[in-house]
Asker: 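What follows is a single structure, and I will ask about it in a moment.
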Amino acid sequence: MLDLKLIRQNPEEVKNALGQRKPEYIKAIDDILVIDEKKRIIQQKADALKSQRNSLSKSIKSKEEAATIQAQVKNINAEIQLLDQEQANLNESLEALVLYIPNLPGTDTPFGKNETENQEVHAWGNKPILNSPKPHWEIAEALGILDFENTSRLSGSRFSSFIGLGAKLQRALIQFMLDEAIEADYLELSPPVIIQGQILRGTGQLPKFAEDLYHIENTDQYLIPTAEVPLTGFYANGQALNEADLPKKLCAYTPCFRSEAGAAGRDTRGLIRQHQFDKIELVHICKPEESAIEHEKLVKQAESILEKLELPYRRILLCTGDMGFSASKCYDLEVWFPAQNQYREISSCSNCTDFQARRLNLKFKRDNKNELVHTLNGSGLAVGRTWAAIVENYQFENKLGFKIPTVLQDYMKLSEIS
RNA sequence: GGAGAGAUGGCCGAGCGGUUGAAGGCGCAGCAUUGGAAAUGCUGUAUACGGGUAACCGUAUCGAGGGUUCGAAUCCCUCUCUCUCCGCCA
């Protein structure tokens with residue numbers, strides 16, 4: 001959520017910045033300004049009447065003199081009720097508008113209409129030289145370590161099961177990624193995967209992206225699409241954080257659930273796009289002036305996982321038109337998939353500045369005053385996609401199977417699966 | 001699921017329908033005292049919205065929402081959550 005005062009005081013700046021995402025936001029800001037103006041005028045009227053009412057009520061000392069004042073206050077009350085109702089209505093429409101406005105792109109976020117205008121920052125690693133790379137699902141299904149067919153009868157399309165050594169590899173990846181995060185001073189949380197709608201509004205998934213979520217019927221609860229939600233929301237609406245405790249670095253392993261509405265026909269084969277997948281998530285909560293540096297640290301932490309797994313990847317700086325709702329600046333890490341002959345997203349690291357903090361009421365105390373924190377999140381990493389990337393990049397050319405990355409061999413007690 | 005108890009500021013804890021945004025204590029911050037500290041003393045310590053260059057002023061908030069009243073933390077209704085006991089259960 002953007003600061004209303006910022007919109008009020010620098011409307012042109014806000015419109016310029018949001019217009020870089022999509023031109024339609026410019027009109028929304030104009031609407032907000034009009035409603036905000038109306039609301040303030042009404043609030044001033046109502047406050048003045050309430051003030052009058054309070055002092056009249058206080059002036060009643062004896063029962064004898066009460067009658068005339070009572071009549072007076074009753075009249076005032078009728079007026080107040082109308083104004084309050086009007087203000088409540090305006091507030092509602094104002095909130096409805098503001099909750100649909102995304103974060104302002106940072107000044108170092110490049111302008112661009114869509115993903116074609118993202119910028120590659122750097123690429124790392126050597127792509128494997130393979131004459132005819134096989135897709136991961138072919139290799140894995142043939143090895144009997146991954147199943148789609150039986151699983152689709154269990155759960156429907158876009159679900160899968162890991163079997164035997166496949167399941168063990170997934171478990172090893174989770175263990176490895178968590179160990180790496182904890183080594184880097186992250187505090188591990190194991191949160192619920194069912195979360196209140198209020199928190200999802202806070203992190204920005206709601207109200208705009210409700211169709212992407214699995215909703216628990218007859219409740220205000222949802223399955224999380226990412227552990228960013230419970231991690232970022234963990235301290236919401238509670239006591240302000242201590243300045244000395246910042247930056248807070250949290251990590252969690254959780255399953256993630258996405259309805260993938262609107263993705264029909266895309267990535268229908270393999271592990272790339274599933275309704276349920278595992279992910280290790282990293283979240284930083286920090287002071288405003290620290291968030292740019294924390295963002296670089298966060299993305300490097302995610303990169304270090306790929307480097308230790310020796311998977312070729314590149315870092316992309318997203319442009320204004322491709323960036324997520326809550327982000328001000330965002331790097332995507334993309335891992336190389338030989339069979340598809342392309343890089344695919346495996347981590348998305350966002351600096352959300354104070355956007356989520358304002359919606360979540362997430363503050364810290366500095367000089368005896370409450371200030372909004374900045375929040376950052378990134379995957380470290382998406383487990384299913386990492387699993388698939390290992391199978392494809394480490395596949396043997398002359399026989400069925402693949403090598404286990406060196407760092408995982410201790411976890412697996414195994415050097416290859418064939 | 002059944003029965004009961006409760007929800008007040010960072011925490012504990014008062015609170016007759018009317019100078020109660022809220023006593024008192026703890027904690028925290030500043031100042032004094034000290035060679036330094038402890039102890040002590042004094043002062044200050046909620047949030048949001050609005051108005052004002054500012055000092056400051058107005059309004060709202062005692063779990064949430066509604067109601068009664070000239071006036072509600074205090075009375076009434078609904079909901080939510082927490083705790084205790086019983087039942088069930090990974």
Side-chain angles (χ1 to χ4, degrees), chain A residues 1-11 32-99 101 190-202 215-222 230 233-246 248 254-255 285 354-373:
Chain A
M1 186 160 62
L2 298 184
D3 189 356
L4 256 181
K5 280 181 198 153
L6 179 76
I7 298 177
R8 204 182 288 149
Q9 284 159 13
N10 307 300
I32 286 170
L33 287 167
V34 170
I35 295 172
D36 176 59
E37 177 71 19
K38 271 192 207 162
K39 190 208 84 173
R40 278 185 299 151
I41 289 168
I42 286 167
Q43 184 180 345
Q44 281 167 40
K45 278 190 200 162
D47 279 0
L49 287 173
K50 284 175 188 173
S51 177
Q52 206 181 331
R53 172 180 67 183
N54 286 344
S55 53
L56 281 172
S57 280
K58 270 182 200 169
S59 71
I60 298 180
K61 292 266 161 52
S62 62
K63 286 194 174 157
E64 297 80 65
E65 66 180 328
T68 53
I69 294 176
Q70 282 172 3
Q72 228 175 321
V73 173
K74 270 192 174 168
N75 280 336
I76 293 176
N77 270 343
E79 234 176 305
I80 288 176
Q81 203 173 4
L82 286 176
L83 288 170
D84 272 354
Q85 187 54 48
E86 202 172 336
Q87 198 190 334
N89 291 343
L90 288 170
N91 255 334
E92 215 170 288
S93 14
L94 197 57
E95 186 163 287
L97 282 172
V98 174
L99 281 177
I101 303 290
S190 183
V193 297
I194 295 176
I195 298 289
Q196 309 264 34
Q198 179 205 354
I199 302 295
L200 285 130
R201 268 183 287 283
H215 184 202
I216 317 276
E217 217 177 335
N218 300 322
T219 68
D220 185 38
Q221 295 167 318
Y222 298 78
F234 194 73
Y235 297 103
N237 296 311
Q239 193 183 344
L241 298 165
N242 283 325
E243 184 181 3
D245 294 338
L246 301 180
K248 265 188 190 298
T254 66
I285 298 171
D354 62 9
F355 185 81
Q356 294 178 320
R358 187 171 293 106
R359 292 164 80 113
L360 286 165
N361 192 22
L362 188 49
K363 300 183 173 175
F364 74 104
K365 199 147 220 139
R366 169 150 66 185
D367 300 330
N368 231 19
K369 283 196 159 179
N370 287 339
E371 259 183 78
L372 292 171
V373 297

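Residue numbers begin at 1 in each chain, while the letters A, B, ... track the order of the sequences. Remember, it's a predicted structure, so these values are computed and weren't measured experimentally.
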Asker: Whole Å only: how far is the CG atom of A:L372 from the C1' atom of B:rU47?
Answerer: 13 Å
Asker: State whether the number of non-hydrogen atoms from other residues, nucleotides or ligands found under 6.0 Å of A:K365 atom NZ is greater than 12.
Answerer: yes
Asker: How far, in whole Å, is B:rU53 from B:rG36 if one measures between their P atoms?
Answerer: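 So the two P atoms sit 46 Å from each other.
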Asker: Could you spell out the base pairing of RNA chain B in dot-bracket, with Watson-Crick or G-U pairs whose two distances are under 3.5 Å, [ ] crossing and | to another strand?
Answerer: ((((((((.[[[..)..(.....]]]((((((.......))))))((((((....)))))).[[[[[..)....]]]]])))))))....
Asker: Under 4.5 Å between any side-chain heavy atoms of A:I32 and A:L4, yes or no?
Answerer: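 A:I32 vs A:L4: side chains touch.
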Asker: If we take the C1' atom in both B:rG17 and B:rG27, what is their distance in whole Å?
Answerer: 33 Å
Asker: Using atom P of each nucleotide, how far apart are B:rG44 and B:rG24 to the nearest Å?
Answerer: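 That atom pair is separated by 11 Å.
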Asker: For the P atoms, the ones on B:rG52 and on B:rC42, what distance do you get once it is rounded to whole angstrom?
Answerer: 40 Å
Asker: Once you round it to whole Å, what is the distance between C1' of B:rA46 and CD of A:E371?
Answerer: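 Interatomic distance, CD of A:E371 to C1' of B:rA46: 17 Å.
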Asker: May I ask you to check whether over 12 heavy atoms, not counting those of A:K50, lie within 6.0 Å of atom NZ?
Answerer: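 Yes - once you tally the heavy atoms of other residues, nucleotides and ligands closer than 6.0 Å, there are more than 12.
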Asker: Could you state the CD-C1' distance from A:Q196 to B:rC81, rounded to the nearest angstrom?
Answerer: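 Whole-Å distance recorded here is 10 Å.
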Asker: Does any N or O in the side chain of A:R359 come within less than 3.5 Å of the main-chain N or O of A:R201, such that one atom is a donor and the other an acceptor?
Answerer: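 Answer holds: yes.
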Asker: Heavy-atom distance under 4.5 Å between the side chains of A:I76 and A:I80, does that happen here?
Answerer: yes
Asker: Taking the P atom of each, how far is B:rG30 from B:rU20, in whole Å?
Answerer: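 After rounding to an integer number of Å, I get 30 Å for this pair.
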Asker: Taking the P atom of each, how far is B:rU45 from B:rA37, in whole Å?
Answerer: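 Roughly 25 Å separates the two P atoms.
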Asker: When you check every protein heavy atom under 4.0 Å of nucleotides 15-20 of chain B, what one-letter string (B, S, -) results, 5' to 3'?
Answerer: ---B--
Asker: Give me the distance, rounded to whole Å, that separates B:rA38 from B:rC31 when you measure between the P atoms they each carry.
Answerer: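 So the two P atoms sit 13 Å from each other.
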Asker: Is any side-chain heavy atom of A:I216 closer than 4.5 Å to one of A:Y222?
Answerer: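 A side-chain contact under 4.5 Å is absent here.
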Asker: Which heavy atom in A:I69 sits nearest to a heavy atom in A:S59, and how many Å separate them?
Answerer: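 It is CD1-OG, 3.5 Å.
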Asker: Decide yes or no for A:L362 and A:Q356: does some side-chain heavy atom of the first lie under 4.5 Å from some side-chain heavy atom of the second?
Answerer: no
Asker: Drop me the distance from A:E37's CD to A:I35's CD1, to the nearest 0.5 angstrom.
Answerer: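 Here the interatomic distance stands at 12.0 Å.
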Asker: Tell me if a side-chain donor or acceptor on A:D3 pairs with a main-chain N or O of A:K5 at a distance below 3.5 Å.
Answerer: yes
Asker: Write down the distance between CG (A:D220) and P (B:rC81), rounded to a whole number of angstrom.
Answerer: 12 Å
Asker: In whole angstrom, what separates A:K369's NZ from B:rG30's C1'?
Answerer: 16 Å
Asker: On RNA chain B, compare the nucleotides closest to A:K365 and A:Q81; which residue's is nearer the 5' end?
Answerer: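 The residue mapped nearer the 5' terminus is A:K365.
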Asker: Which nucleotides of nucleotides 48-63 of chain B have their base under 4.0 Å from a protein heavy atom (B), which only their sugar-phosphate (S), and which neither (-), written as one string 5' to 3'?
Answerer: SBSS------BSS---
Asker: Using OP1 and OP2 only, check whether a side-chain N or O of A:N242 sits under 4.0 Å from B:rC28.
Answerer: no
Asker: What interatomic distance, in whole Å, is found between P of B:rA22 and the corresponding atom of B:rC56?
Answerer: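 Per the computed distance, 16 Å lies between those P atoms.
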Asker: Please give, in whole Å, the distance from B:rG10 P to A:L241 CG?
Answerer: 14 Å
Asker: What is the separation between atom CD1 on A:I76 and atom P on B:rG71, rounded to the nearest whole Å?
Answerer: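 So the two atoms are 11 Å apart, to the nearest Å.
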Asker: Within this structure, what is the CG-CD distance for the pair A:D36 and A:Q43, rounded to the nearest 0.5 Å?
Answerer: 10.0 Å
Asker: So A:E79 and A:Q52, do their side chains get closer than 4.5 Å, heavy atoms only?
Answerer: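 A:Q52 vs A:E79: side chains apart.
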